[in-house]
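The block underneath contains the structure these notes are about, expressed in structure tokens.
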2 protein chains.
Amino acid sequence: MARKSSADFPLRLDNQICFAVYSTAHAFNRVYKPLLDKLGLTYPQYLVMLVLWERDGVAVKDIGERLFLDSGTLTPLLKRLEAADLIKRTRSTEDERQVLIALTAKGESLREKARAVPQSILAASACSVGELVTMKNEIVALRDRLNAVLGE
Amino acid sequence: MARKSSADFPLRLDNQICFAVYSTAHAFNRVYKPLLDKLGLTYPQYLVMLVLWERDGVAVKDIGERLFLDSGTLTPLLKRLEAADLIKRTRSTEDERQVLIALTAKGESLREKARAVPQSILAASACSVGELVTMKNEIVALRDRLNAVLGE
DNA sequence: ATAATTTATATTGCGCGCAATCTAATTGCG
DNA sequence: CGCAATTAGATTGCGCGCAATATAAATTAT
């Protein structure tokens with residue numbers, strides 16, 4: 001007789017990968033919090049800044065596609081970043097539906113202070129870079145399969 | 001000369017495991033949504049029900065430890081579950097600080113309808129059970145290391 | 001036993017995250 | 001061209017998630 005595998009208890013909390021992901025996301029958020037507090041950013045705001053540090057002057061839609069967020073989330077978040085003088089929001093003249101997001105000098109310079117963050121996270125993970133990269137790729141592959149189902 | 005690895009671009013969004021986890025958690029949530037709508041539950045409410053279906057009559061604190069959530073999140077959530085007649089909240093007589101959470105008949109019977117959920121999620125993952133279990137264990141190990149850092 | 005400390009839950013406030021709805025601009029189609 | 005359909009962003013409302021604070025009960029120390 002075969003040993004009972006976790007597949008035999010599908011409703012068990014500890015068997016659910018979604019809860020593993022959910023609770024790990026919150027754990028990450030708690031580790032990030034004190035680091036980002038120093039930058040005056042929340043984690044989603046930090047993600048937006050990461051996008052902008054890679055490429056400045058993009059539309060709200062582009063940020064949303066990159067982060068899987070919609071305007072209902074981004075509009076107020078971007079207004080807060082603008083109020084903090086980290087970004088500027090301007091209507092595109094070519095396509096007046098679009099709002100383009102550009103870094104201010106303050107937003108640019110925050111990048112230097114942010115460089116310390118990934119190292120701290122890596123240390124907290126207590127894990128080699130190689131292991132993290134492998135795990136990251138697996139998780140991203142899972143995410144993309146989930147999103148593919150949603151797109152049907 | 002070695003090829004540049006992702007470790008050389010720590011601020012790149014796509015290199016960050018935390019964003020992989022964050023965005024996968026949201027992807028899971030979006031897959032769950034239509035399934036849980038049928039049960040009249042949100043995802044965090046579903047998690048609470050999973051805990052109660054495993055063991056009924058536990059204190060708020062126990063649910064919180066299991067799900068890594070505090071009373072600021074759980075108290076209003078549990079009140080909504082009570083309003084939906086899925087649980088009952090009663091002060092413990094032994095320790096009047098505690099509030100014990102018990103399933104109602106309706107809450108018990110919802111379990112049968114919930115059995116279909118994990119299968120649908122598994123299908124959406126487009127992944128073998130074995131792969132998911134391996135990935136889940138790795139993610140949980142990462143979460144526990146992160147939480148260990150927080151506990152210091 | 002009384003006071004100080006700890007513990008369990010509740011409350012308030014803020015920032016997401018997302019569905020639903022709205023407006024205005026652009027595109028596509030006849 | 002002119003009108004319908006699409007698209008980008010904003011708004012509203014609700015449910016988390018968590019920090020900070022409050023309250024009351026239990027525990028510990030004295």
Side-chain angles (χ1 to χ4, degrees), chain A residues 19 22-34 36-37 39-49 58-84 87 89-101 147 150, chain B residues 19 22-34 36-37 39-49 58-84 87 89-101 147 150:
Chain A
F19 176 63
Y22 166 91
S23 53
T24 305
H26 290 316
F28 264 121
N29 199 38
R30 287 190 281 266
V31 172
Y32 267 100
K33 182 117 200 345
L36 295 182
D37 279 350
L39 308 183
L41 295 173
T42 65
Y43 181 68
Q45 289 169 6
Y46 172 70
L47 292 179
V48 168
M49 296 303 286
V58 298
V60 174
K61 184 185 189 302
D62 300 320
I63 298 174
E65 279 174 3
R66 202 75 199 284
L67 302 181
F68 306 96
L69 296 173
D70 69 1
S71 73
T73 300
L74 286 174
T75 297
L77 186 157
L78 291 167
K79 284 184 176 175
R80 280 185 284 271
L81 287 180
E82 188 173 41
I87 64 164
R89 298 160 65 245
T90 46
R91 283 272 160 197
S92 165
T93 49
E94 296 152 31
D95 184 341
E96 296 218 339
R97 292 171 304 181
Q98 295 188 6
V99 170
L100 302 180
I101 308 300
N147 281 333
L150 288 167
Chain B
F19 175 63
Y22 166 91
S23 53
T24 305
H26 291 317
F28 263 122
N29 199 37
R30 287 190 280 267
V31 172
Y32 267 101
K33 182 118 199 346
L36 295 182
D37 279 350
L39 308 183
L41 295 174
T42 65
Y43 182 68
Q45 289 169 5
Y46 172 69
L47 292 179
V48 168
M49 295 304 285
V58 297
V60 173
K61 184 184 188 303
D62 300 320
I63 298 175
E65 279 175 2
R66 203 72 200 285
L67 302 180
F68 305 96
L69 296 174
D70 68 2
S71 73
T73 300
L74 287 174
T75 296
L77 186 157
L78 291 168
K79 284 183 176 177
R80 281 186 283 272
L81 287 180
E82 188 174 41
I87 64 164
R89 298 161 64 246
T90 46
R91 283 273 160 197
S92 165
T93 50
E94 295 152 33
D95 184 340
E96 295 219 338
R97 291 172 305 181
Q98 295 189 6
V99 170
L100 301 180
I101 308 299
N147 280 333
L150 288 166

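Naming: A, B, ... by sequence-line order, numbering from 1 per chain.
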Within the structure, does a side-chain N or O atom of Lys61(B) lie under 4.0 Å from either OP1 or OP2 of dA26(D)?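 The answer is no; no side-chain N or O of Lys61(B) sits under 4.0 Å from OP1 or OP2.
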Check whether any side-chain nitrogen or oxygen of Arg89(B) sits under 4.0 Å from OP1 or OP2 of dA10(C), and answer yes or no.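 It does, given that an N or O in the side chain of Arg89(B) lies less than 4.0 Å from OP1 or OP2 of dA10(C).
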On the 0 to 90° scale, with breaks at 30° and 60°, tag the Tyr46(B)-Tyr32(B) ring pair as parallel, tilted or perpendicular.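 Tyr46(B) vs Tyr32(B) ring planes: tilted.
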With rounding to the nearest 0.5 angstrom, report the [atom1] to [atom2] distance, [X] to [Y].
X: Leu39(A); Y: Met49(A); atom1: CG; atom2: CE; result: 9.0 Å
X: Leu69(A); Y: His26(B); atom1: CG; atom2: NE2; result: 6.5 Å
X: Leu78(B); Y: Gln45(B); atom1: CG; atom2: CD; result: 9.0 Å

Do Leu81(A) and Leu41(A) have side-chain heavy atoms sitting under 4.5 Å apart?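 Yes. Closest side-chain heavy atoms under 4.5 Å.
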For [X] and [N], give me the distance from atom [atom1] to atom [atom2], rounded to whole Å.
X: Ile101(A); N: dG9(D); atom1: CD1; atom2: C1'; result: 10 Å
X: Leu100(B); N: dA8(C); atom1: CG; atom2: P; result: 12 Å
X: Leu74(A); N: dG9(D); atom1: CG; atom2: C1'; result: 10 Å
X: Gln98(A); N: dG9(D); atom1: CD; atom2: P; result: 5 Å
X: Arg91(B); N: dA26(D); atom1: CZ; atom2: C1'; result: 13 Å
X: Asp62(B); N: dT9(C); atom1: CG; atom2: C1'; result: 13 Å
X: Glu96(B); N: dT9(C); atom1: CD; atom2: P; result: 13 Å

Which nucleotides of nucleotides 15-24 of chain D have their base under 4.0 Å from a protein heavy atom (B), which only their sugar-phosphate (S), and which neither (-), written as one string 5' to 3'? SSBB------
Just checking Glu94(A): base, sugar-phosphate only, or nothing, at a heavy-atom cut-off of under 4.0 Å?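 The residue Glu94(A) makes sugar-phosphate contact but no base contact.
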Qualifying side-chain hydrogen bond (donor to acceptor under 3.5 Å, both in side chains) pairs with a residue from residues 91-101 of chain B, counting only residues at least two apart or across chains: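 Residue pairs passing side-chain hydrogen bond (donor to acceptor under 3.5 Å, both in side chains), neighbours aside: Asp95(B)-Arg97(B).
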Is the closest basic N to carboxylate O distance between Lys33(A) and Asp37(A) below 4.0 Å?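 Salt bridge between Lys33(A) and Asp37(A), a charged N being under 4.0 Å from a carboxylate O: yes.
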Candidate nucleotides dA10(D), dA26(D), dT9(C), ranked by approach to the side chain of Val99(B) - the nearest: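 Among the listed nucleotides, the one closest to the side chain of Val99(B) is dT9(C).
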